[in-house]
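We count residues from 1, following the sequence as given. FYI, side chains are in, hydrogens and waters are out, and symmetry mates aren't considered; it's all heavy atoms of this structure. In this text, all values refer to a predicted model and were calculated from it rather than measured experimentally.
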Amino acid sequence: MRERLVPHGVAAAVTAVVLAPLALPGYVLRYDMVFVPRSALSWELIAPASALPRAVPQDAVVALATQLMPGWLLQRLVLAAILWLAVLGAARLVPTDRTAVRVVAALGYAWTPYLAERLLIGQWGLLLAYAMLPWLVAAALGVRAARPGALPRLLLAAAVSAITPTGGLIALVAVLVLLPGRYPGALRRAGTAVAATVLLNAPWLVAGLGSATGGRSDPAGVPAFAARAENWGGSLVALAGTGGIWNALTVPVSRQVAVVPLATALLLLLAGYGVPLLRRRWPAGAVGRFGLLAVGSWLVAALGVLPGGAALLGWLVDTAPGGGLVRDGQKLLVPYALALAVAGALGAERLADRLAARFDRTTGGVLLVGAALLPVALLPDLAFGALGRLTPVRYPADWAVVARQVADRPGEVVSLPFQEYQRYAWNDGRVVIDPAPRYLAAPVLIDDTLRVGDVAVGGEDPRAARVRELLAAGRPVAGTAVRWVLVQRAAGPPVPVTALAGLRLAHAGPELSLYENPAWVAPAPQPGPGPVGWAHLVAGTVVVAIGFSGTARVLRRVVASRDASPAEGEGG
């Protein structure tokens, strides 16, 4: 009983400590993390007309979920699930019968620079894939061992991961690497798993291939998104410690401490010391495949800073559809982070046993406690919402008023200032992606040019490019034939008067002004998303099939247990 309760207790503690500020009302709005009271369902969410499908099917899933619950509740459930599942997944995956070693693995995976940095940049969809990878790996081991129900569990983990393109890619590569091999039914099981995982990724694959951009990105983003140093150890050492994100503003201050590279070296030595135990306790060949997945993910993450790597990445994102997924290579470190946590926990177990044999059991126990607390000691500023950086705020009342007006008379919206990320005083000056596309029940044009320091990484949306041209030339935005222009006065520099020429003021509030274009003409009805819609339908069907498979298995167990009871009674 204790073996089951302790990991849940650790999960509860980690979740409560990290997400403590979310006990306050409101929404955490930070970089890519934007939740709104109720996200409107639209074809634009399912199949972006001209931009790359970076949030497919994530935005559509959120829109569906907010029809059932408010956005503030959904955000809390998602963030809590990430931490809880990461803790439990790592604790269950590590091959040991010692509870203390499970706790070492759990904290080694759920309290990492990777999780902290991706949380601070708001990429909660990617973190769902991070939380699900231990469950996917455990299910893959179960498939190889022909355990009942392992394949549906693997596909469920892959389905959750595929809420974002990067998470889906990580799950697909993990399935491709871990499942092939020599075991009973290998070809059938591996083939089924790969085919189903591809179908689960179909929404963003089809949307990307069918977009106006051809799925290609600006190669200027390669050096801008390359892994960066966080201390004197350099970028490669930062990656070895699961850090190295490109955005310096999302790096916890503790990562700059001089002792961090030394602690990273210690973790690597501990993980190396644990590999022999992993080899003895996992099936033959599984460790090699898991190691290949982990090392490969680290090498891809480091490609942007390795000799010749930047040139290779530049060519890839410029010519290969979907190549932009590996532009920010650090986000692909997930398998490496998991391998480091699992092998490190086993290394701590092996070293604790050596110390216990040489001295006493207490010495070995102290080492395991120290190994469990080491990630927290090295990253104390993940606690309490990264020391207040994840504090919720409330949307000004203007947003609800504008949303109602746009919903009453829907039509395309241009959001000004024309920039993808905004700063609001009511959000404590934190950078956040423009909430308008999710808050308003209409297609919203925002500038998809991403500025990283002095580097401007070109966007892919030709409609956004047209608005940029008009603004740069000092011409009215009404020339784009949009129906609405939203001006967020608190977000940035004043909007030029020339940009608003010919528009009628429909709402003037303390934060937002809404203008309507009197010359707007309703466009011809657009067809549905076509192949993209079918791709969503196929992926949804696979998810439903997985659910029915799991339910049927549970029912069979219940029936079997009931049928067996009388016989057991008679035998007693």
Taking side chain as C-beta onward, heavy atoms only, is V257 less than 4.5 Å from L378? no
CG (L64) and CG (D59) are apart, to the nearest 0.5 Å, by 11.0 Å
Checking I163, L126, L128 against Q58 for side chain to side chain contact (heavy atoms under 4.5 Å, CB included), the one that qualifies is I163
So do L374 and L267 actually touch side chain to side chain, heavy atoms under 4.5 Å? yes
Note: G385 and P21 closest approach over all heavy atoms is N-CD, 3.5 Å
Could you check if a side-chain atom of V173 sits within less than 4.5 angstrom of a side-chain atom of L169, using non-hydrogen atoms only? yes
Tell me whether D381 contacts the main-chain N or O of S254 through its side chain, where contact means a donor paired with an acceptor under 3.5 Å. yes
What class does the angle between the rings of Y424 and W399 fall in, given that below 30° is parallel, 30 to 60° is tilted and above 60° is perpendicular? perpendicular
Could you pull out the closest heavy-atom pair between V34 and I433, with the gap in Å? CG2-CG2, 3.2 Å
I'd like to know whether T96 forms a side-chain contact (heavy atoms from CB on, under 4.5 Å) with R281, so could you lay out the CA-CA distance, the side-chain angles of the two residues, the decisive distance to 0.1 Å, and finally the verdict. CA-CA 8 Å; T96 184; R281 294 175 181 176; 3.8 Å; yes
Could you check whether any side-chain heavy atom of D434 comes within less than 4.5 Å of a side-chain heavy atom of E420, counting everything from C-beta outward? no
Taking the side chain from T264 and the backbone from A240, do they hold a donor-acceptor pair closer than 3.5 Å? no
So the salt bridge (charged side-chain N to carboxylate O under 4.0 Å, His left out) pairs with at least one residue in residues 328-344 (sequence neighbours excluded) are R118-D328
From L368 atom CG to D353 atom CG, the distance as rounded to the nearest 0.5 Å: 8.0 Å
Are any of the side-chain heavy atoms of P261 and N231 separated by less than 4.5 Å? yes
Examine distances only and state if a side-chain atom of R76 and a backbone atom of Y27 form a donor-acceptor pair shorter than 3.5 Å. no
Parallel, tilted or perpendicular: rings of F35 and W124 (30°, 60°): tilted
Smallest separation among heavy atoms of P180 and A190, with atom names: N-CB, 4.4 Å
Minimum side-chain heavy-atom gap P95-L277 below 4.5 Å: no
R279, CZ: over 12 other non-hydrogen atoms inside 6.0 angstrom: no
Looking at Y130 and Y109, would you say the former's side chain and the latter's main chain have a donor-acceptor pair under 3.5 Å? yes
Y336 and side chain to side chain contact (heavy atoms under 4.5 Å, CB included): which partner among L333, V334, L338? L333
Is it the case that the side chain of R350 and the backbone of G274 share a donor-acceptor pair, with hydrogens and angles ignored and the cut-off at 3.5 Å? no
Looking only at heavy atoms, which two atoms of Q330 and Y114 are closest? And how far apart? O-CE1, 3.3 Å
Does a side-chain heavy-atom distance below 4.5 Å link L379 with P252? yes
Within 6.0 angstrom of R92 CZ, more than 12 heavy atoms from elsewhere: no
Given 3.5 Å as the limit, does a donor-acceptor pair link the side chain of N427 with the main chain of L29, or not? yes
Return yes if some donor-acceptor pair links the side-chain N/O of S297 with the main-chain N/O of A294 below 3.5 Å, else return no. yes
Nearest 0.5 angstrom please: F225 CZ to L313 CG, how far? 12.5 Å
Work out which heavy atom in L172 is nearest to a heavy atom in N201; give both atom names and the distance. CB-ND2, 4.4 Å
Once rounded to the nearest 0.5 Å, what's the spacing between atom CD1 of I245 and atom OG1 of T242? 11.0 Å
Work out which heavy atom in G304 is nearest to a heavy atom in A310; give both atom names and the distance. O-CB, 3.9 Å
CG on L390 to CZ on R430, rounded to 0.5 Å: 7.5 Å
Under 3.5 Å, is there a donor-acceptor pair between the side chain of R394 and the main chain of P25? no
Are the side chain of Q123 and the backbone N or O of M33 linked by a donor-acceptor pair below 3.5 Å? no
Any side-chain to backbone donor/acceptor pair from R255 onto E230? Under 3.5 Å, distance only. no
Candidate pair Q75 and W72, rule side-chain contact (heavy atoms from CB on, under 4.5 Å), full reasoning: CA-CA 5 Å; Q75 183 179 45; W72 65 265; 5.7 Å; no
Take V103 and V6, measure what side-chain contact (heavy atoms from CB on, under 4.5 Å) needs, and give me the verdict at the end. CA-CA 8 Å; V103 173; V6 170; 3.7 Å; yes
Does the side chain of Y421 pick up a donor-acceptor pair with the side chain of D32 at under 3.5 Å? yes
Going by heavy atoms in the side chains, are R423 and V431 under 4.5 Å from each other? yes
What distance do L178 atom CG and L136 atom CG have between them, rounded to the nearest 0.5 Å? 7.0 Å
I170: which of T164, V175, L332 passes side chain to side chain contact (heavy atoms under 4.5 Å, CB included): L332
Over 60° means perpendicular and under 30° means parallel, so tell me whether Y395 and Y439 are parallel, tilted or perpendicular. perpendicular
Check step by step if side-chain contact (heavy atoms from CB on, under 4.5 Å) holds for V393 and T391. CA-CA 7 Å; V393 297; T391 301; 5.7 Å; no
